[in-house]
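Below is one structure, written out as structure tokens; the observations come after it.
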Amino acid sequence: MKSPDVIARMRRSGKLAAQVLQAVGAAVAPGLTTDELDILCHDLIVAADAYPSPLNYSGFPKSLCTSVNEVICHGIPDSRKLLNGDLVNLDVTVYRDGVHGDCNATFLVGQVDTAGQRLVRVTRECLDLAIAAVRPGRPISDIGRAIENHAHAHQLGVVRTFVGHGIGEQFHSDIEVPHYFTPRARMIMEVGMTFTIEPMITEGDHREEFWDDGWTAVTVDRSRSAQFEHTLLITANGAEILTLVD
Ligand code: MF3
Ligand code: CO
Ligand code: CO
């Protein structure tokens with residue numbers, strides 16, 4: 001449970017993360033490289049007197065995660081140009097005034113086919129439904145149930161290996177938030193908790209494998225994956241989204 005002082009600072013970090021995500025997302029266009037998006041992200045964060053949490057986190061080499069098409073998460077920015085029809089997830093985390101704010105969104109590059117548009121829409125709906133399921137006194141498993149029900153109703157897969165996480169003075173703290181239903185997620189949500197929800201939804205197989213870089217997680221069948229993430233504060237009525245621009 002976070003103190004009022006930590007919560008006040010997390011509102012500021014969360015807002016900054018959301019602003020940076022919006023600005024970098026607005027730059028997404030065919031022909032731009034993910035390295036160029038990383039530099040933009042880095043410069044915006046540093047200009048706001050903050051630090052890009054991914055940079056050197058367990059050896060991660062960049063300031064932004066960029067996950068294209070079959071990349072589920074933790075893609076490393078590189079010299080590949082974005083192509084018309086790509087899906088690209090941008091995951092921004094900032095550390096400012098002693099606390100982290102973490103959010104991500106999947107952007108369409110140019111014209112995306114209808115299956116890709118639907119994947120992105122349903123994934124956003126999964127996050128919205130998950131946030132609506134947040135309620136103090138209820139187990140964390142309610143969150144995964146809401147996500148899984150919606151994804152499966154659309155014949156989409158739910159990634160299991162990567163979970164939402166407690167966040168605050170640490171980037172990843174001890175709370176785990178599975179995006180699928182499991183009775184093991186029996187921790188009870190309480191007012192003042194802060195954690196992320198960040199469902200990764202796939203067009204095909206939900207299982208992942210890793211590139212040799214040790215970070216980039218891709219679907220085993222190379223089907224596309226989409227993701228959205230917010231940092232949340234649990235309140236008496238439900239959840240306050242900390243990673244909003246306003
Ligand atoms: N922002 C990611 C998350 O949502 C974590 C990125 S860790 C990194 O938890 F090292 F890849 F940056
Ligand atoms: Co996160
Ligand atoms: Co993130």
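For ligands, and for the atoms within them, numbers begin at 1 and follow the listed sequence.
Results of the side-chain hydrogen bond (donor to acceptor under 3.5 Å, both in side chains) test with Lys62 over Asn56, Asp35, Thr34 single out Asp35 as the only residue that passes.
Checking side-chain atoms of Asp86 against main-chain N and O of Val88 turns up no donor-acceptor pair under 3.5 Å. In this structure a side-chain-to-backbone donor-acceptor pair under 3.5 Å is missing from Arg12 to Asp97.
Applying the side chain to side chain donor-acceptor pair (under 3.5 Å) test to every pair with at least one member in residues 234-246, sequence neighbours left out, gives these pairs: Arg11-Glu240, His230-Thr243. Pairs of residues two or more places apart, or lying in two chains, that qualify as side chain to side chain donor-acceptor pair (under 3.5 Å) and include a residue from residues 100-109 are Ser53-His100, Asn89-Asn104, Asn89-Thr106, Asp91-Asn104, Thr93-Asp102, Asp102-His165, Asn104-Gln227, Asn104-Glu229.
The minimum heavy-atom distance linking Ser63 with Cys41 is given by the pair O-SG, 4.0 Å. The heavy-atom pair separating Leu21 from Cys103 by the smallest distance is CD2-SG, 3.8 Å.
Side chain to side chain, Tyr57 and His172 meet the donor-acceptor criterion of an N or O pair below 3.5 Å.
With waters neither drawn nor counted, the protein N/O/S atoms under 2.8 Å from the Co ion (ligand 3) amount to 4.
Protein residues with any heavy atom under 4.0 Å from ligand 1: Pro54, Tyr57, Phe60, Cys65, His74, Asp91, Thr93, Asp102, His165, Phe171, His172, Glu198, Trp215, Glu229.
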Check: Under the side-chain contact (heavy atoms from CB on, under 4.5 Å) criterion, do Glu198 and His179 qualify, and how do the steps go?
Finding: CA-CA 8 Å; Glu198 47 186 292; His179 302 114; 3.8 Å; yes
